[in-house]
Structures are given as C-alpha cells and as structure tokens.
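Each remark here refers to the structure printed beneath this line.
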2 protein chains.
Amino acid sequence: MIPDSCDETAVLDRAEASCRQRGASLTAIRREVLALLHRAPKGIKAYDLLEQIRHTRGNASPPTVYRALDFLIEQGLAHRIGRMNLFVACRHGKHSAPSLFLVCPKCNGVTELEDAAVVSSLYASLAATGHRLDSPEVEISAICPQCAAA
Amino acid sequence: MIPDSCDETAVLDRAEASCRQRGASLTAIRREVLALLHRAPKGIKAYDLLEQIRHTRGNASPPTVYRALDFLIEQGLAHRIGRMNLFVACRHGKHSAPSLFLVCPKCNGVTELEDAAVVSSLYASLAATGHRLDSPEVEISAICPQCAAA
DNA sequence: GGAGGAAATGCGATGTTATAACATGGCCGC
DNA sequence: GCGGCCATGTTATAACATCGCATTTCCTCC
Ligand SMILES: [Zn+2]
Ligand SMILES: [Zn+2]
Ligand SMILES: [Zn+2]
Ligand SMILES: [Zn+2]
C-alpha cells in the first residue's frame, strides 16, 4: 500500500516509471486520467471522468477516456468494478495476488482489500472445479462502516 | 442444488410455489423469463432475452424484461452478473450463504458455486474492516475448464 | 355483483455506458 | 522522404437500463 504521505506527483511519477519499465508510456492524457482516479478514492464513473477531463481538454470524447482507462487497467494501475460501472485507481503496488473490492451499494464507495486467507481458500475452491483465477478483481457487495452506522 | 433430472416444468412450479409462500406471484411473463434463463445455463443478456421472449410476446419491450428480471432477482430465483451484464437462473434453492460466480472471460460462461470455506473466510475478513456482506453474489473472473484446455 | 385499490403490464421516450470505424498526427528507423 | 507504429481526434452507433404515464388485471371488501 502506498502511504498517504506520498503526494500525487510522486504517485504519478512512480506509475510512469513502472510503465516505462514495461515498454509502455504514460502519456499526458493517461496521466491526467490516473490523477483524476486518485482524487476519487471511492471510484468514479467513466462519464464523470469525461466531464472532469474536459476541464483541461475541451475536445475529449468517450473513446478518449475509455482508451486511457483500458491502458491503465492493462498496466495494473486501475481497476474496473463491473457491478457499478465504476473505475478506481489501484492503491497497491504490483499485485502479487487478487484484491477484494468491497462495493457499498448505499454510497457506491469502493474499498480495495488484499487478504491472503480469502484468496488462498479461493484458489483451492476454484482448483477443485477445474477453474483458474484470471483477474485481479473480486467484486463483493458489502455495506461500508459509515453506511452501516446510518 | 436442483438435480438435472427435474424437468423445466417442475422447476418452474417449484419457483411459483416459493413465490406464493412469500405473497408474490410468478406471473406468465415472469415465468417465461425464468424458463428462458434456465435454458441458458451459462447466462444470457437482457436484450437477447428480449429477442427470445418476443417469439411468444411480440410486444415485449426493454422494461418488460427488466421488470421480470428485477422480480426474479428479488425473489432469489435469478442472479445478475454485473461484470458481464449477464443474468443467470439460480441453480440452488434458497441461499443460506452467498454464492461464488465464476465468470469465464473467454466464453462468457457463468458457473455458480457454493463454498463454505471461502465464504467464512470472507466474512472474517470483512468483519475486520467493519464491512457487512450485502449481496448473495461474489463475482470472480476465472477461466473455465473447457477454455483452459483450448 | 360492483366499487376501490394495489400490482402488473403496455408503450414511448429517454438516459447511461461502451465501442466501432475511420481519419489524423507525431515519432522513429531506414 | 517513406513506411510502420502508436496515440489521438472525431463522428456515429451499439448495447444496456430506466422513467413516466396510461391501461389493464386481479383481488378484496362491501
Ligand atoms: Zn489494485
Ligand atoms: Zn457506504
Ligand atoms: Zn443462486
Ligand atoms: Zn470459458
């Protein structure tokens, strides 16, 4: 987990370096989208992202943001929450194991959680049916602490 | 798990009875939609369902199928796979615990799996962060045996 | 049997999310 | 300069889902 003390620029620079390592390039658009994702810790919808990015790029269109998102996801810098049509920045470094995404149906917030115990029992269970885990995203609907209180 | 030997009519009749128990009614439209879901063991998309149901009800429109799906999901007779915009009939009776949905990204097939070990470690993990499990659906992307072989 | 009300359906329009298809522009090795 | 490659711009459209309101159906109570 990246400490909160790291400021946005540092996070982005690190992302840029990790892309470069893999021969990919974090271009200006992609960097901007990643920055916006980081400013939305609970996740953001593609068209909200589009609206935001038009503040700096008036001509942005849906493909602009979907292409950037696809790239970021491919690079492991962001995740897609299918259930909610929501996108979130990855808050971990390189994933050694899949993350759990706790999606709160009340506030639409997303929490990313790494948990070795759950993941290992998951592997065992899947292996028994001949399946092989494919994506780093396991989506779970769960009421978050704030909404549980209310 | 409902044995395969049960034919469609029996499954539907049982569903109808269980709705009635709860004071809900499995109307003709809902029953037809449920039947179509059962004929698509790997899941089906809403608009494919719409096309199918127009064979018997020429005037069906998107709300027709979405309303039926909402009802079936509410009654625990079907599940929605958010990641794929896919709907599947529930292949279990009343759920005592959440199911795992293994979604194969190659063939778009969905397998429903109940696994106590995974679910209990999930509960423990969520409780530690103050979350409370909310839905009976945990979506996991996993290559299915057939696609793994190919 | 008839009035009233709740639930379900019909219907058209609209909103939301995502991709297709094709053109353009910059960069690099040749 | 030329050709290949990647990123981007641009327009249109596909795919998925919901709203709002009129009408019908079904049940209940009188
Ligand atoms: Zn992550
Ligand atoms: Zn919440
Ligand atoms: Zn089920
Ligand atoms: Zn498959």
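Values below: every heavy atom of this structure, side chains too, minus hydrogens, waters and symmetry copies. Every chain is numbered from 1, with letters handed out A, B, ... down the list of sequences.
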Please test B:E137 against B:R80 for salt bridge (charged side-chain N to carboxylate O under 4.0 Å, His left out), starting from the C-alpha separation and ending with a verdict. CA-CA 8 Å; B:E137 290 142 38; B:R80 170 180 153 76; over 6 Å; no
The residue among A:Q21, A:R22, A:E16 that forms side chain to side chain donor-acceptor pair (under 3.5 Å) with A:S18 is A:R22
Between the opening five pairs and the closing five pairs of the helix from C:dG1-D:dC30 to C:dC30-D:dG1, how far apart are the helix axes, to 10°? 20°
Before you tell me yes or no, could you show the steps for B:D13 and B:R31 under salt bridge (charged side-chain N to carboxylate O under 4.0 Å, His left out), namely the whole-Å CA-CA distance, both residues' side-chain angles and the distance that decides it to 0.1 Å? CA-CA 9 Å; B:D13 288 347; B:R31 190 177 168 109; 2.8 Å; yes
If you take all heavy atoms of B:E112 and B:A89, which pair is closest and at what distance? OE1-O, 4.1 Å
Expressed as a whole number of angstroms, how long is the span from A:R31:CZ to D:dA7:C1'? 17 Å
Just by protein heavy atoms under 4.0 Å, how would nucleotides 17-30 of chain C read 5' to 3' in B, S and -? BBBBB---------
So, does A:N59 get its side chain near the phosphate of D:dT10, meaning an N or O under 4.0 Å from OP1 or OP2? yes
Quick one: closest heavy-atom pair of A:K42 and A:C144, and the distance? NZ-SG, 4.3 Å
List the steps and the verdict of side chain to side chain donor-acceptor pair (under 3.5 Å) for A:H92 and A:H79. CA-CA 11 Å; A:H92 300 79; A:H79 299 288; 5.8 Å; no
OP1, OP2 of C:dA7 versus side-chain N and O of B:T27: anything below 4.0 Å? no
Do A:F87 and A:I81 come within less than 4.5 Å of each other through their side chains, counting heavy atoms only? no
Taken to the nearest whole Å, CZ/B:R30 to P/C:dG10 is 11 Å
Closest non-hydrogen contact found for A:A117 with B:S121 is O-OG, 4.3 Å
When rounded to whole Å, the CG to P distance for the pair B:L69 and D:dC16 reads 13 Å
Between CD of A:E51 and C1' of C:dT16 the distance, given in whole Å, is 14 Å
Starting at atom CD1 of A:I53, determine the distance to atom C1' of D:dA7, rounded to an integer number of angstrom. 14 Å
The answer to which of B:S61 and B:S25 contacts DNA chain C further toward the 5' end, by nearest nucleotide, is B:S25
State, to 0.1 Å, how close A:Y66 and A:A46 come at their nearest heavy-atom pair, and which atoms those are. OH-CB, 3.3 Å
